[in-house]
Protein chains: 2
Amino acid sequence: MDARVASTRQKIEIYRAGAGQGRLANCPIRSVVQSIFGKWTSLLLSALAEKPYRFGELRRLVPDISQRMLTETLRDLQRDGYVHREVFPTKPPSVEYSLTDLGRSMFDSLQHLLHWAENHHATVVEARARFDATDA
Amino acid sequence: MDARVASTRQKIEIYRAGAGQGRLANCPIRSVVQSIFGKWTSLLLSALAEKPYRFGELRRLVPDISQRMLTETLRDLQRDGYVHREVFPTKPPSVEYSLTDLGRSMFDSLQHLLHWAENHHATVVEARARFDATDA
DNA sequence: CTGTATCCCCTATGATACTG
DNA sequence: CAGTATCATAGGGGATACAG
């Protein structure tokens, strides 16, 4: 194990322990991670990592998201500083969403996991099938 | 941008598009990612990445998890092939959980994001505060 | 010690309709 | 076009008690 991995494990120990006794639920690391783990978050980030998109374009890119969740997820991403929202005073108005530097930084880390899932999802699905068949 | 990043982006395009028209919700990549995104999943994985643990030890490591969710999350992790469950016929019985090779492989990728959150959560919390103050 | 079985609640999400 | 408002619902998750 190299030094970097050891360092990472030490920090993740902190993540697990939370922010202190009695405030585990308020651990800021958990809070940040959970917001990234939202149902539509990684999907929208992967779109915006490619290039900026307008509201309606995102809706077409992710056809099964409801308008409400698109609005809400984008607002949360903006609130956390991952996404920049720019309104163009055209008529009718158009709004463009793009990743901030913070968002790009975060997505670079998230991307490792998405990439893993793309490469190994078949293995996981097989494991599930085997488990379900065995226990019955 | 190097070739590896370009390759990743291309695959994430597939992730976004899902498994095909009309079956977006059944996209296996989404399904695998969502299960990893469970509330307690990353926490338990980070514990088991360190060393195998028994049920009660995990409960003490993550004091605010309910017994029910601990059982359920561990079973899901086992079902997906990330965790191995070994029962020792002692009296009373003891059960040890450990990462499989697949689990270690997956956690290596997840770790990048957890590490990022550990290093940047303060920035995100500040961004939230600024957003909340600005809009009122 | 390691779970199961219930009951319950609340939040995340969807569907639909309306607005600047 | 880009949202908001409202209503409805499923299921994730907690608390508690029981069991092998």
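Proteins come first, then strands; the chains are lettered A, B, ... in the order of their sequence lines, and each starts at number 1. Bear in mind the structure is a predicted one, so any value in this text is a computation, not a measurement. Computed from heavy atoms alone, side chains included, the values below leave out hydrogens, waters and symmetry copies.
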Engineer: Compare every heavy atom of A:V62 with every heavy atom of A:L44, then report the nearest pair and how far apart it is.
Structural biologist: CD2-CG2, 4.2 Å

Engineer: Please report the shortest heavy-atom distance between B:Y53 and B:A47, naming the atom on each side.
Structural biologist: CE1-O, 3.3 Å

Engineer: For the residue pair A:V32 and B:A117, what are the closest heavy atoms and their distance?
Structural biologist: CG1-CB, 4.3 Å

Engineer: Over how many whole Å does the gap from A:E96 atom CD to D:dC1 atom C1' extend?
Structural biologist: 14 Å

Engineer: Is it true that B:L58 and B:F88 fall in one hydrophobic cluster, defined by side-chain heavy atoms closer than 4.5 Å?
Structural biologist: no

Engineer: So, taking the atom named CG in B:N119 and the one named CE in A:M106, what distance separates them when rounded to the nearest 0.5 Å?
Structural biologist: 14.0 Å

Engineer: In terms of side-chain heavy atoms, does A:S35 have a donor or acceptor partner in A:D76 at a distance below 3.5 Å?
Structural biologist: no

Engineer: Considering only heavy atoms of chain B and a distance under 4.0 Å, specify the first and last nucleotide of DNA chain C in 5' to 3' order that meet this criterion.
Structural biologist: C:dC1 to C:dT6

Engineer: Can you list everything that forms a side chain to side chain donor-acceptor pair (under 3.5 Å) with B:H121? Sequence neighbours excluded, please.
Structural biologist: none

Engineer: Give me the residues of residues 71-85 of chain B where at least one heavy atom lies under 4.0 Å from an atom of DNA chain C, by number, or none.
Structural biologist: B:T71, B:R75, B:R85

Engineer: Determine the contact category for B:F88: base if any of its heavy atoms lies under 4.0 Å from a base atom, sugar-phosphate if only primed atoms, P, OP1 or OP2 are that close, otherwise nothing.
Structural biologist: nothing

Engineer: Suppose we screen for side chain to side chain donor-acceptor pair (under 3.5 Å). Which residues come up paired with A:Q34, at least two apart in sequence or across chains?
Structural biologist: none

Engineer: What's the spacing between B:H115 NE2 and A:S109 OG if we round to 0.5 Å?
Structural biologist: 9.0 Å

Engineer: Are more than 12 heavy atoms, taken from residues, nucleotides or ligands other than A:K51, located less than 6.0 Å from that residue's NZ atom?
Structural biologist: yes

Engineer: Over the length of the helix from C:dC1-D:dG20 to C:dG20-D:dC1, how much do the five-pair end axes diverge, rounded to 10 degrees?
Structural biologist: 50°

Engineer: Does this structure show an ion pair linking A:R30 with B:D64, if we count only N-O contacts that are shorter than 4.0 Å?
Structural biologist: yes

Engineer: Would you please classify the geometry between the A:F37 ring and the B:F37 ring as parallel, tilted or perpendicular, with 30° and 60° separating the classes?
Structural biologist: parallel

Engineer: I need a per-nucleotide contact map over nucleotides 14-20 of chain D, read 5' to 3'. Cutoff is protein heavy atoms under 4.0 Å; write B for the base, S for backbone only, - otherwise.
Structural biologist: BB-B--B

Engineer: Just by distance, with hydrogens left out, do B:R128 and B:T123 show a side-chain donor and acceptor under 3.5 Å apart?
Structural biologist: no

